[in-house]
Amino acid sequence: PGLGPCQDELRDQLFTRMIEKEHTIYKDCKEEVLRTPSLQHLPFTYHFKVCNTREEDATLVFRVFLAPIRYAEDLDQRRNDFVEMDRFVAEIGRGAEQTITRS
């Protein structure tokens with residue numbers, strides 16, 4: 001009670017691409033180059049607009065997940081559909097409305 005989103009809005013998309021990364025390793029005194037696929041993304045930022053209607057400061061924990069629009073109906077499978085991308089803590093003063101931004 002007293003804490004919640006001021007608005008819920010999806011504005012953008014996360015753009016990704018696959019690239020090939022090179023890694024140099026040393027095996028039996030010989031240098032070898034390994035190539036592995038890697039998922040890269042364009043820089044992005046997310047914003048959370050929150051309101052604290054309490055009469056005291058609040059410590060908030062934000063957890064950001066990447067999730068499909070459609071997901072499996074099977075509960076055991078569904079937990080594998082979501083990937084936690086970020087987790088952070090923010091403070092919001094009493095009676096404050098604040099936008100929390102993370103890049």
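Predicted model, so just to flag it, every value in this text is computed and none were measured. If you read the sequence from its start, that first residue is 1, and numbering goes on from there.
Remark: the Gln40 side chain and the Ser38 side chain contain an N/O donor-acceptor pair separated by less than 3.5 Å. Side-chain N/O atoms of His47 and Thr101 include a donor and acceptor closer than 3.5 Å.
Sorted by first and then second residue, the ring-ring contact (aromatic ring centres under 6.0 Å, His included) pairs with a member in residues 83-103 read Phe62-Phe88; sequence neighbours excluded.
Note that CD1 of Ile100 and NZ of Lys49 are 12.0 Å apart. Values are rounded to the nearest 0.5 Å. Note that CZ of Arg63 is 14.5 Å distant from CG of Leu60, once rounded to the nearest 0.5 Å.
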request  = Would you sort out whether Ile92 and Asp57 count as a side chain to side chain contact (heavy atoms under 4.5 Å, CB included), showing the intermediate values?
outcome  = CA-CA 6 Å; Ile92 184 169; Asp57 294 349; over 6 Å; no
message = Arg35 vs Lys21, test: side chain to side chain contact (heavy atoms under 4.5 Å, CB included). Steps then yes/no.
response = CA-CA 5 Å; Arg35 290 177 179 81; Lys21 283 190 170 184; over 6 Å; no
inquiry  = Pair Phe48, Val64 - check side chain to side chain contact (heavy atoms under 4.5 Å, CB included), show working.
reply    = CA-CA 10 Å; Phe48 299 93; Val64 180; 3.7 Å; yes
Please report, to 0.1 Å, the donor-acceptor pairs under 3.5 Å made by any side chain of residues 25-33, with sequence neighbours excluded.
residue	atom	partner	partner atom	Å
Tyr26	OH	Glu31	OE1	3.2

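Taking 4.5 Å as the limit, every side-chain heavy atom of Leu34 sits out of range of all side-chain heavy atoms of Glu22. Annotation: side chain of Asp86 is in contact with side chain of Arg102 (closest heavy-atom distance under 4.5 Å).
When every heavy atom of Thr36 is checked against every heavy atom of His23, the shortest pair comes out as OG1-NE2, 3.0 Å. Between Gln98 and Gly93, the closest heavy-atom pair is OE1-N, 4.5 Å.
The pair Glu56-Arg94 does not count as a salt bridge, with every side-chain nitrogen at least 4.0 angstrom from each carboxylate oxygen.
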